[in-house]
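To start, the structure itself, in structure tokens.
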Amino acid sequence: MAAWHKKLAERGIDPNKLRKDSVKAVEMVLTASGDWFDSATDKDRVEWVRRSLSFAKKKFGAENILSAHLHDDEETPHLQILAAPLVFKGRAKRGRARKGREGAKRAPQPPAWGLSAKDFIGGSSAQHTALQTAYWESIADLGLRRGIPRKESGARNLAPAKWRALQANEHDKARETTQAAERDRKKAAQTLSKAEACAEALTVGIDAIAQGELIYRPTKKPAAVGGLKVVKEVEQPMLPQSFDALARWRETVRPYWSALVGFARRFASVQEREQNAMQLSHRLDEERDAHLRTAARQARHEHQSGIEFGPAQKDTQIIAKARNRGERQR
């Protein structure tokens, strides 16, 4: 206020003679978008301050600037200018004609200093838009874009109550979105944890089948609940040993129980074929050994009878070679 009183006193204006509703000062806030400040370099910020202050001085006159404060510790930095709108010009004589009478033509008063915001910033929205455009032109090469004028965008100011209601509605929507995202995250984490537990339980089941702890057992029950039997006596058990732990394992692996039953059935089928092949091989070995013994007796009889290299001796050599070849293959 001291600076304001000093400025008026220098121009011969008595503050006590001003109307109560007259303009005292003009406040101007110069700023840019928060995104620009986030990406701007220190050099760009310093240049923005210099040009903004130069724009204010050119608009109001450097001698009329009362204060200039840079607020760079807030979410969106801005330069706050306070100026005394002092202008030297002639004014019409005060007063107006009485009602019902034509007023006489008033001669203008001699030029004098006064306060007039209209002479600096105008009084219409078009003048305010032009002022904003002029400010943008002074800083455009710093990478700033002109905002869309309200006349073009169709935006309208809202009553404070309506604005607060819209903000509360947006806040509620944002909170609901955040809560929904948190629910989805927890659900995804639970699904992942359950999938990992199922995969681990399935691996345990496959290992148990492979070492014979869990075997296929034909049953009339659905594959989802039956078809497998636990063998208790194994050297290195893979399945949980306690009843409760085994029950929990069955519950965890339930979604893949049918797959386990199918694997155990195929595994049992392979084992059965291998066992049948081994039995067949053993039986063929016994039959070959029996033929070999028979051929050997006949070969001795031929030798005693003076027959050199008879049919029995040939059979003995063929059978012996076949047995040696089979043993090497095994």
Side-chain angles (χ1 to χ4, degrees), residues 1-34 36-38 40-96 106-140 142 144 146-147 150 157-160 163-164:
M1 289 298 293
W4 180 75
H5 280 279
K6 183 180 179 181
K7 291 289 183 185
L8 266 62
E10 291 175 353
R11 300 296 187 271
I13 300 174
D14 185 358
N16 297 321
K17 293 183 178 181
L18 297 176
R19 298 194 319 270
K20 292 183 179 180
D21 61 346
S22 67
V23 64
K24 305 298 189 296
V26 175
E27 182 184 28
M28 177 180 284
V29 177
L30 303 174
T31 185
S33 66
W36 183 84
F37 284 106
D38 291 339
T41 63
D42 292 340
K43 183 178 179 180
D44 290 338
R45 285 175 174 245
V46 171
E47 183 64 15
W48 169 78
V49 173
R50 188 189 69 80
R51 294 193 190 184
S52 297
L53 188 57
S54 176
F55 176 81
K57 289 180 179 180
K58 184 177 179 181
K59 186 65 183 175
F60 297 105
E63 68 281 1
N64 292 333
I65 301 297
L66 299 174
S67 63
H69 295 286
L70 175 63
H71 300 270
D72 59 354
D73 57 345
E74 300 183 18
E75 183 175 354
T76 303
H78 56 276
L79 186 65
Q80 187 176 18
I81 305 293
L82 189 64
L86 290 164
V87 61
F88 186 76
K89 69 176 184 178
R91 290 175 171 79
K93 185 177 180 180
R94 294 183 179 180
R96 61 181 181 180
R106 301 181 183 85
Q109 295 288 335
W113 285 99
L115 296 170
S116 175
K118 187 176 181 180
D119 286 275
F120 290 94
I121 61 175
S124 66
S125 59
Q127 290 173 311
H128 294 164
T129 299
L131 181 61
Q132 292 173 345
T133 301
Y135 172 61
W136 166 70
E137 290 174 348
S138 68
I139 57 174
L142 295 179
L144 289 158
R146 171 71 165 92
R150 187 173 68 174
N157 292 331
L158 299 175
W163 183 85
R164 287 192 294 270

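By convention here, the first residue in the shown sequence is residue 1.
- Atom OG in Ser125 sits 12.5 Å away from atom CG in Leu131 (nearest 0.5 Å).
- The minimum heavy-atom distance between Ala83 and Pro85, with the atom names listed, is O-CD, 3.5 Å.
- Scanning for side chain to side chain contact (heavy atoms under 4.5 Å, CB included) contacts around Asp38 gives Asp35, with sequence neighbours left out.
- Taking CG of Leu30 as the reference point, atom OH of Tyr135 lies at 4.5 Å (rounded to 0.5 Å).
- Partners of Glu63 by side chain to side chain contact (heavy atoms under 4.5 Å, CB included), not counting sequence neighbours, listed by chain and number: Lys7, Arg11.
- Between the Asp44 side chain and the Ala40 main chain, no donor and acceptor come within less than 3.5 Å of each other.
- Remark: Lys24 pairs with Trp4, Leu18, Ser22 by the side chain to side chain contact (heavy atoms under 4.5 Å, CB included) rule, at least two apart or across chains.
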Could you pull out every donor-acceptor pair under 3.5 Å between side chains of residues 68-82 and any protein atom, sequence neighbours left out?
unit_1 : atom_1 : unit_2 : atom_2 : d
His71  : NE2    : Gln80  : OE1    : 3.0
His78  : ND1    : Thr76  : O      : 3.1
Gln80  : NE2    : Glu27  : OE2    : 2.3

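- Minimum heavy-atom separation, Phe55 to Ser138: CD1-OG, 4.2 Å.
- Sequence neighbours left out, the pairs with a member in residues 47-60 that pass salt bridge (Lys or Arg N to Asp or Glu O under 4.0 Å) are Glu47-Arg50, Glu47-Arg51, Arg51-Asp141.
- Residues meeting the side chain to side chain contact (heavy atoms under 4.5 Å, CB included) test with His128, sequence neighbours left out: none.
- From Lys6, atom NZ reaches atom CG of Leu66 across 11.5 Å, with rounding to the nearest 0.5 Å.
- Put simply, the side chain of Val26 reaches to within 4.5 Å of the side chain of Phe60, judged on heavy atoms.
- Distance check, rounded to the nearest 0.5 Å: CG of Asp14 to NE2 of His5 gives 10.0 Å.
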(request) Check the pair Gln132 / Arg146 against side-chain contact (heavy atoms from CB on, under 4.5 Å), numbers first and verdict last. (result) CA-CA 9 Å; Gln132 292 173 345; Arg146 171 71 165 92; 3.7 Å; yes

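- Panel note: side chain Trp36, backbone Leu142; a donor-acceptor pair is recorded below 3.5 Å.
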(request) Any chance you could lay out the side-chain contact (heavy atoms from CB on, under 4.5 Å) test for Met28 and Phe120, step after step, and finish with the verdict? (result) CA-CA 11 Å; Met28 177 180 284; Phe120 290 94; over 6 Å; no

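- Note that CG of Leu86 and CH2 of Trp113 are 6.5 Å apart. Values are rounded to the nearest 0.5 Å.
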